[in-house]
Amino acid sequence: MLRFLLTRLGLLLVALWVTSVLIFLALRVLPGDVAQVIGGTTATPQQLAAIRAGLGLDEPLVVQYLHWIGGVLHADLGRSLLTGVPVADELAQKMQVTVPLTVLSLLIALLIALPLGVVAAVRRHHPDGGILGVVGQLFAAVPAVWAGMMFIAVLALGLGLFPAQGFPLDGWARPWQAFHSLMLPALTIGVVEGAVLMRFVRSATLTALGQDHVRTAAAKGMTRTRALVTHGLPSVGLSIISVLGLQVAGLIVGAVVIEQLFALPGLGRMLVADVGNRDLPKVQSTILILTALVLAVGTLVDVVHRLIDPRQREVVA
């Protein structure tokens, strides 16, 4: 197990390094010039050159990369080229919106996917099971933006159950107002991602129902549902844990898009604005942090899967 942990940690570090190089190079290929944004349309070529020199943008790319990644290794994500504010401070502020939104979306997705996926599998030969399968397919194909607009029209503007947009200016100083403003965006992401996850739960449940020990328990007199709960849920749980690593990436991408739709001051909205302004330190550090979160969750899922699945431990041994 120790060898497995060290291997996974090494792969995680290599993946982060490769990602950092790709992010850095990709951003340098984008058109636009932050010096032009700062200097404005009336800036002379000499003034633009002075701005670039002051920001270190005239240095070789290798030097710029080493300065950035060296700072990251020392927990220094740099400063915004436009405001001079430390990137870490702005990320910490924006995460107060994005992290609760992602967690709440995940909880909603699980509350939708787990019971409905199991019911759709157990009742697959009945009309209600078939309907659940079709509904899951439909919602899984719905773009999150379109679902968000429908929820705004019905639940916010129509029924007035939630605010249509915005987040309290004082943040979590008023917990209920902040939580209430995140409910509709989280419901939008959770329903779409929950429909995707429900298909995996249904498939894993069908696989469990076909296993010999579950069928044997049912043949001995257990109901199919009780046999599944007693003997099949561990294998279903393993499949769900494996899929959750992929779902986290979908949740983060969904949060980036939905924050724009609901005017939430989170990482996604900040990232879109910074790309337009060519604020390179903020953009590359933000993308690297988001990528690190996704990779870390994937690694954690692999470790948990290895810990609770004795078959994998036997293979390693």
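Not measured: the values here are computed from a predicted model.
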List the atom of [X], the atom of [Y], and the distance in Å for their closest heavy-atom pair.
X      : Y      : result
Ser181 : Gly166 : CB-O, 3.5 Å
Val192 : Val142 : CG1-O, 3.7 Å
Val196 : Ala140 : CG2-CB, 3.9 Å
Phe139 : Ala195 : CB-CB, 3.5 Å
Ala156 : Leu184 : CB-CD2, 3.9 Å
Leu157 : Ala164 : CD2-CB, 4.3 Å

Check for a donor-acceptor pair, side chain of [X] on one end and backbone N or O of [Y] on the other, with a separation under 3.5 Å.
X      : Y      : result
Thr291 : Ile287 : yes
His180 : Leu161 : yes
Glu259 : Arg269 : yes
Gln47  : Thr44  : yes

Looking at [atom1] of [X] and [atom2] of [Y], how far apart are the two atoms once the value is rounded to the nearest 0.5 Å?
X      : Y      : atom1 : atom2 : value
Leu25  : Ser20  : CG    : OG    : 9.0 Å
Tyr65  : Ile23  : OH    : CD1   : 9.5 Å
Thr98  : Leu290 : OG1   : CG    : 8.0 Å
Trp17  : Ile69  : CH2   : CD1   : 10.0 Å
Met183 : Leu155 : CE    : CG    : 10.0 Å
Leu261 : Thr188 : CG    : OG1   : 7.0 Å

Would you say that [X] contacts [Y] through its side chain, given a criterion of any heavy-atom pair below 4.5 Å between the two side chains?
X      : Y      : answer
Pro100 : Trp172 : yes
Gln64  : Leu280 : no
Leu5   : Leu9   : no
Ile289 : Leu267 : no
Pro281 : Ser80  : no
Leu264 : Gln165 : no
Arg8   : Arg3   : no
Phe262 : Leu182 : no

- request: Could you check Leu22, Val283, Val275 and say which one makes a side-chain contact (heavy atoms from CB on, under 4.5 Å) with Leu27?
  value: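 Testing Leu27 for a side-chain contact (heavy atoms from CB on, under 4.5 Å) against Leu22, Val283, Val275 leaves exactly one candidate, Val283.
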task: Report the C-alpha separation of Leu138 and Val134 in whole Å, then their side-chain angles, then the decisive distance to 0.1 Å, and conclude whether the side-chain contact (heavy atoms from CB on, under 4.5 Å) test is met.
output: CA-CA 6 Å; Leu138 290 176; Val134 172; 4.2 Å; yes
- request: Report the C-alpha distance between Lys282 and Arg79 in whole Å, list the side-chain angles of each, state the deciding distance to 0.1 Å, and finish with yes or no for side-chain contact (heavy atoms from CB on, under 4.5 Å).
  value: CA-CA 7 Å; Lys282 283 180 66 178; Arg79 291 179 175 271; over 6 Å; no
- prompt: Cation over ring, Arg202 on Phe200, under 6.0 Å and within 45°?
  reply: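 No; the conditions do not both hold, so Arg202 does not lie above the ring face of Phe200.
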Decide whether [X] and [Y] are clustered together by the hydrophobic rule: side chain heavy atoms of Ile, Leu, Val, Met, Phe, Trp, Tyr closer than 4.5 Å, transitively.
X      : Y      : answer
Val145 : Val191 : yes
Leu116 : Leu187 : yes
Val154 : Ile258 : yes
Leu73  : Val14  : no
Leu61  : Val21  : yes

message: Working note: Arg28 + Gln284, criterion side-chain contact (heavy atoms from CB on, under 4.5 Å); need CA distance, chi angles, decisive distance, verdict.
response: CA-CA 10 Å; Arg28 268 62 187 179; Gln284 61 198 22; 2.6 Å; yes
Neighbour count >12 (heavy atoms, 6.0 Å) for atom CZ, Phe24: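 Yes.
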query: Around Leu159, counting heavy atoms of other residues, nucleotides and ligands shown, do more than 12 lie under 6.0 Å from its CG?
result: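 Check passes, neighbour count above 12.
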message: Using the rule given for side-chain contact (heavy atoms from CB on, under 4.5 Å), can you reason through Leu104 versus Phe179, listing the C-alpha separation, both sets of side-chain angles and the distance that settles it, and then say yes or no?
response: CA-CA 9 Å; Leu104 189 57; Phe179 177 79; 4.0 Å; yes
message: For Trp68 and Ser285, which I'm curious about, is there any donor-acceptor pair between the side chains at under 3.5 Å?
response: yes
